[in-house]
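What you see below is based on every heavy atom in this structure, not just the backbone, and it leaves out hydrogens, waters and symmetry mates.
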Amino acid sequence: MMRSAPWLVAALCLAVGGGLLYQRTRRVDAGPLPAEEVVRRAWTQGRRVPLEGQQTVQVPSRKIQVEAKVLQSAEGNLRIEYLTGRLKGVIVWENEAQTYRFNPETKRLSVARRRGPGATASLSQEGVQLLNNYTARLDGEAPIAGRQALVVELRSRRDAAHWRRLWIDPKTWFLLASEEHQGTDKNLLRSSQFTSVHYLTPGEAPSEAQFSPPADLIRRYASARRGDTSSRFSPEQLGKLVGFPIRQPSALPAGYRLEGAYPTPCACKVPHQAARLAYTDGLTALTLFQCGHPRCPKNTKCFGGDPRDQMTAFRRHGAYFYLIVGDMPHLELERVLDSLAAQ
């Protein structure tokens, strides 16, 4: 991606993640299914659909609007080309083994091991976790990208003011659009919507070559730097890699679980790696950045960030600096950081 602060990339991914799912075409009749079953199918069958389309992602509070062209295979391979906004010109390729991100502005092609979409059993577990943390209600139908979609409203059991509206294609169970709100309809946090989508037939299946950069691009611009790896670690393993013990909050919001720990570059002037802990409640993400490296100059600018943004909170506890990004009230983000103080 472009040279954006990690916190901003995390915030944008909260919106993008809702629309770029791993899918495979399967035409079925929705019938009078309960809302929970519609969501369950969207999180399993609906995450395996080969397609091509165009998607718009918006984060109103940050005045962000990004349009992207998406190509996806039945195996979960992915190509995303950003057409507008801060990521214009950036292209992402994902195949079974690697994730490539080309930034034409910096003339850099980063290469990392792919984390992958997860096995079917894992996707099913995500659906169970989601329905444990959210109530689902059908709210009619509406056209999206030229297709009639089922509208589902999800309400958090933890915070009733935080909710999401989904548009799901009952022919494929593909998630065509999503909106996140806090309180009323007018308070839109993020949205993602396919403005056009074409489900690919077997005869239209993309070639494997479409999910890797051209060989010439790899030869000229590929490079590996600290923080590029997408390998998932336990906090204990990551602590040994980055050079300081990884701290985990004792006051996570109800329903959230640790997805994984990942290295991330610290933005200070002394090159070293910091840590990123990813948590999820099955639908929304909570990202905790932390740096406690002994070489860090402790200038409170380890990850960038905007103190005016309600999605983020900052804190220093002793030799550690923390930044947290999440879809929840600001006071709850502060409570998570407070729980790290005694460690």
Charged N-O contact under 4.0 Å between Lys240 and Glu236: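 No.
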Salt bridge or not for Asp338 and Arg335, using N-O below 4.0 Å? no
Atom CD of Glu208: over 12 foreign heavy atoms under 6.0 Å: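 Atom CD in Glu208 is not crowded, with 12 or fewer foreign heavy atoms closer than 6.0 Å.
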Given side chains that start at C-beta, do those of Pro263 and Phe233 come closer than 4.5 Å, heavy atoms only?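 Yes, close enough: below the 4.5 Å cut-off.
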Member of Glu180, Glu153, Glu179 meeting the salt bridge (charged side-chain N to carboxylate O under 4.0 Å, His left out) criterion with Arg164: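 The salt bridge (charged side-chain N to carboxylate O under 4.0 Å, His left out) with Arg164 is passed solely by Glu180 among Glu180, Glu153, Glu179.
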Looking only at the side chains, is there a donor atom on one of Glu94 and Thr99 sitting less than 3.5 Å from an acceptor on the other? yes
Going by distance alone, is a donor N or O of one side chain under 3.5 Å from an acceptor N or O of the other, for Gln129 and Arg257? yes
Nearest-0.5 Å distance that lies between atom CD in Glu204 and atom CD in Glu52: 7.0 Å
Backbone N or O of Pro235 within a donor-acceptor pair of the Gln248 side chain at under 3.5 Å?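 No: the side chain of Gln248 does not pair with the backbone of Pro235.
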I'd like to know if the side chain of Gln237 reaches the main chain of Ser234, judged simply by a donor and an acceptor atom lying under 3.5 Å from each other, with no hydrogens or angles considered.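 Yes, the answer is positive, given that a donor and an acceptor are paired below the 3.5 Å cut-off.
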Mind checking what makes salt bridge (charged side-chain N to carboxylate O under 4.0 Å, His left out) contact with Glu81, not counting sequence neighbours? Arg79
Of all residues at least two apart in sequence or in a different chain, which pass the ring-ring contact (aromatic ring centres under 6.0 Å, His included) check with Phe244? Tyr320
